[in-house]
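Sequence lines set the chain letters: A, B, ... in the order given, protein chains first and strands last, and positions in each chain run from 1. A quick note: this is a predicted structure, and the numbers were derived from the prediction, not measured.
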Amino acid sequence: MTRAHLAIVGPTASGKSALALEVACTLGDVELVSIDSMQVYRGLDIGTAKPSPAEQAQVPHHLVDVAEPTDEWSVARFQQEARAVVVDIEARGKRALLVGGTGLYVQAVVDPLTFPPEDRAVREAILTRSAEHDLYAELTAVDPDAAAGIEPSNTRRLARALEVIELTGRPFSSFGTGLQTYGPTVFPVHLAGVWLPRDVVHQRIADRVVEMFDAGFVDEVRALRDTGALSRTAAQAIGYREVLEHLDGNGPSLDAVLDAIVIRTRQFARRQRMWFRRDPRIVWFGAPENPCSVLPALLASWSA
RNA sequence: GGCCGGGUAGCUCAGUCGGCAGAGCACGCGCCUGAAAAGCGCGGGGUCACCGGAUCGACGCCGGUCCCGGCCA
């Protein structure tokens, strides 16, 4: 018999992890797969709200602590490793419970996405000439379909499209129908979304950031800085960027840093909301306050 | 008490020579295929501290009032 895998998605601070742990303990035959672009880095613990060692001991967690903070990470790499993990879990007769809020990563695992090759040097060269050349016009000339889906001002995505074309000789748009196809997934999976009222999420974010500071977040960042520079990708993590700026010189005060982190986290949660809300395959479970209260409904839905 | 500077969007501030107000951030809505906790687009929002005056017309000029900051007493 082939039982479907499971997934819990949703905005940050909406209680996915706690809920997932309860699900795992109840079901007994699942292993967790973190779908999180920042929990992959060792040493980024407090700021990424990574599951504690005690929690990880209760049930196997995958794709947590699989890269050095000095390493670069990417969707393509995540896709490859996550799919391997799912195959592995399956081979042990268990089910995967995907848990996370990185929307693109969820789709990279679950949808038939093919990521064309990359060459950082080529991309950098394109980025460099973007000062002189109009990348949007350039892309429109060679791949109008791709250009139609990118804002003329979004240099980063324009450069990526041009990079792929230069590397493969094929139009960027030939590599996929886009993210909004929402066709059949590459393996059977129940997609569940947790949803809390916005003011509850905002409060949870504010509380969590204060807890992070109380738990020694600044020390964690300082230690990372002293060990070696965070990679380009790891340095994007919310909180780390802000605290680093504070530590390295005459940056803003810690109070200001805390406020900035709360704001950026809220904005992140908003983008996650936008991302997941579009996916018609996600079944939403709303809770007025405590996310774990949806557990019965969630399990009922999955056993049906 | 006197002198000087300031009161304009939720916040920080622009606003030339008088012609019914702008930016950044925040906030809201949305986009997304190798940085995605990234990147990008659109939008709402103002009794220009208050009162009076000159002017066709005032955020701007004149007079007064109230706040805030600094200096002097």
Side-chain angles (χ1 to χ4, degrees), chain A residues 9 11-13 34-41 44 47-50 67 71-82 100-124 127 130 135-136 143 145-165 167-168 170-182 198-199 202 205 208-209 212 230-243 252 256 259-279:
Chain A
V9 302
T12 188
S34 163
I35 311 290
D36 189 298
S37 65
M38 295 300 163
Q39 289 185 1
V40 296
Y41 297 110
L44 274 66
T48 62
K50 193 178 287 176
D71 289 345
E72 296 229 338
W73 189 261
S74 73
V75 219
R77 187 168 166 196
F78 186 86
Q79 179 185 53
Q80 188 184 351
E81 303 211 4
T102 304
L104 178 61
Y105 283 21
V106 173
Q107 285 194 253
V109 177
V110 148
D111 282 315
L113 264 44
T114 304
F115 294 97
E118 72 147 354
D119 186 327
R120 187 76 30 87
V122 169
R123 196 186 316 173
E124 291 305 326
L127 248 13
S130 76
L135 295 187
Y136 186 70
D143 188 355
D145 288 341
I150 304 177
E151 311 277 358
S153 54
N154 201 336
T155 314
R156 185 177 296 192
R157 295 192 51 234
L158 290 170
R160 168 61 183 156
L162 289 166
E163 170 197 359
V164 169
I165 293 167
L167 251 37
T168 64
R170 285 172 51 190
F172 182 62
S173 56
S174 72
F175 285 93
T177 48
L179 289 161
Q180 289 207 69
T181 311
Y182 304 122
R198 193 178 303 185
D199 53 326
H202 286 183
I205 288 171
R208 177 191 272 190
V209 173
M212 278 166 30
L230 292 181
S231 69
R232 192 183 56 141
T233 48
Q236 311 286 167
I238 294 175
Y240 294 86
R241 197 164 87 183
E242 286 78 6
V243 172
D259 289 344
I261 294 173
V262 169
I263 287 171
R264 188 144 86 100
T265 307
R266 274 205 308 248
Q267 295 174 333
F268 172 48
R270 193 186 71 74
R271 270 180 278 132
Q272 290 175 302
R273 213 160 55 227
M274 293 298 152
W275 183 286
F276 291 121
R277 212 161 55 179
R278 301 184 304 163
D279 191 334

Sugar-phosphate, base or nothing in reach of A/Gln79, heavy atoms under 4.0 Å: nothing
Structure string for RNA chain B in dot-bracket form, Watson-Crick and G-U at under 3.5 Å, | interchain: (((((((..((((.....[..)))).(((((.......))))).....(((((..]....)))))))))))).
Between B/C31 (C1') and A/Leu158 (CG): distance, integer Å: 13 Å
A/Gln272 side chain to A/Gly103 backbone, donor-acceptor under 3.5 Å: no
Sequence-distant partners of A/Arg160, salt bridge (charged side-chain N to carboxylate O under 4.0 Å, His left out), two or more places apart: A/Glu163
Polar side-chain atom of A/Asp145 near backbone of A/Ser173 as donor-acceptor pair, under 3.5 Å: no
B/G28 phosphate, OP1 or OP2, under 4.0 Å from A/Arg198 side-chain N/O: yes
Atom-pair distance (CG on A/Leu230; P on B/A35), nearest Å: 17 Å
Ring pair (Phe, Tyr, Trp, His ring centres under 6.0 Å) involving A/Tyr41 - partner list, sequence neighbours excluded: none
Polar side-chain atom of A/Glu242 near backbone of A/Ile261 as donor-acceptor pair, under 3.5 Å: no
Check: A/Gly47 main-chain N/O paired with A/Tyr240 side-chain donor or acceptor under 3.5 Å: yes
A/Glu124: salt bridge (charged side-chain N to carboxylate O under 4.0 Å, His left out) partners, not counting sequence neighbours: none
Contact letters for nucleotides 36-42 of chain B, in which S counts primed atoms plus P, OP1 and OP2 and B counts the base, heavy atoms under 4.0 Å: BBBBSS-
Length of the line joining A/Leu162:CG and B/U33:P, which is rounded to integer Å: 13 Å
A/Arg273 vs A/Arg77, nearer the 5' end of RNA chain B by closest nucleotide: A/Arg273
Spacing between A/Leu167 atom CG and B/U33 atom P, to the nearest angstrom: 17 Å
Nucleotide of B/G28, B/G30, B/A35 approaching A/Met274 most closely (side-chain heavy atoms): B/G30
Touch class at under 4.0 angstrom, heavy-atom based, for A/Thr114 against every strand present: base
Sugar-phosphate, base or nothing in reach of A/Phe172, heavy atoms under 4.0 Å: sugar-phosphate
Short N/O separations, protein against nucleotides 24-26 of chain B, under 3.5 angstrom:
{"from": "B/A26", "atom 1": "OP1", "to": "A/Gln267", "atom 2": "NE2", "distance (Å)": "2.8"}

Heavy-atom side-chain contact between A/Val40 and A/Arg77 under 4.5 Å: no
